[in-house]
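Note on naming: letters A, B, ... go to the chains in the order of the sequence lines (proteins, then strands), and numbering restarts at 1 for each one.
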2 protein chains.
Amino acid sequence: MDSIGFQQHDHSHCIAEAIAAAEERCKAEKLQFTPARRRVLEILLEQHRAMGAYEILEILAAEGLGSQPPVVYRALDFLVGHGFVHRIERMNAYTACTHPGEDHVPAFLICRLCKAVAEAETVLDGGRLGKAAHETGFVIEKIVVEAEGLCPACAETAA
Amino acid sequence: MDSIGFQQHDHSHCIAEAIAAAEERCKAEKLQFTPARRRVLEILLEQHRAMGAYEILEILAAEGLGSQPPVVYRALDFLVGHGFVHRIERMNAYTACTHPGEDHVPAFLICRLCKAVAEAETVLDGGRLGKAAHETGFVIEKIVVEAEGLCPACAETAA
DNA sequence: ACATCACATGTTATGATATAACGTTCGAGG
DNA sequence: CCTCGAACGTTATATCATAACATGTGATGT
């Protein structure tokens, strides 16, 4: 699987591997990988894009896995909490993590036209931020980086 | 004014200077610094913290400047669009920019306990992100960085 | 076996954030 | 003094998220 996400790749392998990895990790950490949680992760992997919670809920509802908001929010809380899924703050949307298992600082490239999202990685305190925080005594626990711009396809169309 | 925001500082000067600077810039760029827009910026400067739109709206309403959501959202759109105010995505909140006029990549340090927010700056492509984007042809137009953790006061209390 | 406890789920209701749409006002420039 | 665009007032509604409480279910200790 590519690391940046705007290229083609073998998609069914992505899904199968990611699900297997999640399953294994849940087993190892004694987490319950319940049907709803598994299906939400699968949906996000299948679609391979950022999705709103209610959009996911529609699919679950059509499959009889629950029709009320808490169903999907609970699954997402679990998946986000354990790093299987990331929340894209700018979009109120969710996307499957493409670096499962690795401890990383996710960075997102979000196309403002087609809304495609690619996950990259960045370093934790590459510049002034970590230093500035340290100087004032702020303890950083988590960082999210979200970049907006144009994906290759949209940049070409717009040009 | 300090750059990181968790120290004491002369607050009335902050406000007066920031308002004057905004006024001047609007004049220079032929933007309309209307009463509602000015008041929203003032409120954010006075409170010197991240505020929700409806929280700001309550103050506007009490002062007779409008009582419906579009009033505050329009003012915020203008202020955010021209860089006078930043939106904190993680919190659905807004805060006055502490580096007005400078072209910068804002980075926020958000205390998860007391919700205080400090604005720092970071570099545009300190690490792998800019490089990775460039390699795939993604054109970055804007970046936001939001870090969650503990501010000095809360870190001490919790310890 | 069975009590019990933690955790997950089902369901109803509501809270919180944000925008669409449409008519009116007001000031700058022709 | 007309016209045009930007801002504003207002109503309604869309979108995102969680509180609260009842119910089910599986692991564990006895």
Side-chain angles (χ1 to χ4, degrees), chain A residues 22-23 26-41 43-44 50-82 84-95 110 112 115 117 146, chain B residues 22-23 26-41 43-44 50-82 84-95 110 112 115 117 146:
Chain A
E23 201 157 43
C26 285
K27 196 171 172 185
E29 300 185 20
K30 305 217 183 292
L31 304 172
Q32 298 186 41
F33 199 45
T34 64
R37 291 169 180 179
R38 166 193 292 262
R39 188 64 190 122
V40 169
L41 180 57
I43 289 167
L44 286 170
M51 300 179 74
Y54 280 69
E55 197 181 353
I56 297 167
L57 180 58
E58 277 179 22
I59 299 177
L60 292 180
E63 297 173 355
L65 279 169
S67 60
Q68 299 306 316
V71 171
V72 68
Y73 281 106
R74 283 167 181 160
L76 287 170
D77 283 351
F78 172 87
L79 295 168
V80 170
H82 294 92
F84 299 118
V85 164
H86 294 299
R87 173 179 162 82
I88 316 287
E89 302 290 346
R90 281 187 67 82
M91 305 177 69
N92 297 326
Y94 302 83
T95 192
I110 305 166
R112 72 172 152 82
K115 309 297 178 196
V117 174
E146 300 186 3
Chain B
E23 201 157 44
C26 286
K27 198 172 171 185
E29 299 184 21
K30 304 218 184 291
L31 304 172
Q32 298 186 42
F33 199 48
T34 63
R37 291 169 179 178
R38 167 194 291 262
R39 189 64 191 120
V40 169
L41 180 56
I43 289 167
L44 286 169
M51 299 178 74
Y54 280 70
E55 197 181 355
I56 298 168
L57 180 58
E58 276 180 21
I59 298 177
L60 292 180
E63 297 173 354
L65 280 170
S67 60
Q68 299 305 316
V71 171
V72 69
Y73 281 106
R74 283 166 181 161
L76 288 169
D77 283 350
F78 172 87
L79 295 167
V80 170
H82 293 92
F84 299 119
V85 164
H86 294 300
R87 174 177 161 82
I88 316 287
E89 303 289 346
R90 277 188 73 80
M91 304 176 70
N92 296 325
Y94 303 83
T95 190
I110 305 165
R112 74 171 151 81
K115 307 301 178 194
V117 174
E146 300 185 2

Revision key, fill the gap. For B:His86, the ring pair (Phe, Tyr, Trp, His ring centres under 6.0 Å) test, sequence neighbours excluded, returns B:His104, B:Phe108
Review point. A:Arg90: what forms a salt bridge (Lys or Arg N to Asp or Glu O under 4.0 Å) with it, not counting sequence neighbours?
Key: A:Glu148, B:Glu89
Practice item. Output, in order, the C-alpha distance, side-chain angles, deciding distance and verdict of side-chain contact (heavy atoms from CB on, under 4.5 Å) for B:Val117 and B:Met91. Key: CA-CA 10 Å; B:Val117 174; B:Met91 304 176 70; 3.8 Å; yes
Point to revise | Pair B:Leu31-B:Phe78, side-chain contact (heavy atoms from CB on, under 4.5 Å): steps then yes or no | key: CA-CA 10 Å; B:Leu31 304 172; B:Phe78 172 87; 4.0 Å; yes
Study note, to complete from the structure: Rounding to the nearest 10°, end axes of the helix from C:dA1-D:dT30 to C:dG30-D:dC1 built from five pairs each make an angle of 30°
Study note, to complete from the structure: Contacts satisfying salt bridge (charged side-chain N to carboxylate O under 4.0 Å, His left out) that involve residues 64-78 of chain B (not counting sequence neighbours) are none
Check your understanding: Should B:Arg87 and B:Thr95 count as side-chain neighbours, where that means a heavy-atom distance under 4.5 Å?
Key -> no
Point to revise | Any residue meeting side-chain hydrogen bond (donor to acceptor under 3.5 Å, both in side chains) with B:Glu146, in chain and number order, not counting sequence neighbours | key: none
Pair up each side-chain donor or acceptor in residues 52-63 of chain B with any protein partner under 3.5 Å, not counting sequence neighbours, and list the distances.
from    : atom 1 : to      : atom 2 : distance (Å)
B:Glu55 : OE1    : B:Gly52 : N      : 3.2
B:Glu55 : OE2    : B:Arg49 : NH1    : 3.0
B:Glu55 : OE2    : B:Arg49 : NH2    : 2.7
B:Glu63 : OE1    : B:Arg39 : NE     : 2.8
B:Glu63 : OE2    : B:Arg39 : NE     : 3.4
B:Glu63 : OE2    : B:Arg39 : NH2    : 2.9

Check your understanding: How is A:Gln32 classified with respect to the nucleic acid when contacts are heavy atoms under 4.0 Å: base, sugar-phosphate, or nothing?
Key -> sugar-phosphate
Review point. What are the bounds, 5' to 3', of the part of DNA chain D that sits under 4.0 Å from heavy atoms of chain B?
Key: D:dA6 to D:dT11
Point to revise | Letter per nucleotide, 5' to 3', of nucleotides 18-28 of chain C [B base touched, S only sugar-phosphate touched, - untouched; heavy atoms, 4.0 Å] | key: BBBB-------
Check your understanding: In whole Å, what is the span from the CD atom of B:Gln68 to the C1' atom of C:dA16?
Key -> 16 Å
Revision key, fill the gap. Salt bridge (charged side-chain N to carboxylate O under 4.0 Å, His left out) pairs touching residues 27-36 of chain A, sequence neighbours excluded, are A:Arg25-A:Glu29
Study note, to complete from the structure: Across all chains, not counting sequence neighbours, the ring pair (Phe, Tyr, Trp, His ring centres under 6.0 Å) partners of B:Phe33 are none
**Study point:** 5' priority, DNA chain D, between A:Gly52 and B:Arg37 [closest heavy atom]
**Key:** B:Arg37
Review point. Hey, which of these two, B:Glu55 or A:Gly66, hits DNA chain C nearer its 5' end, going by closest nucleotide?
Key: A:Gly66
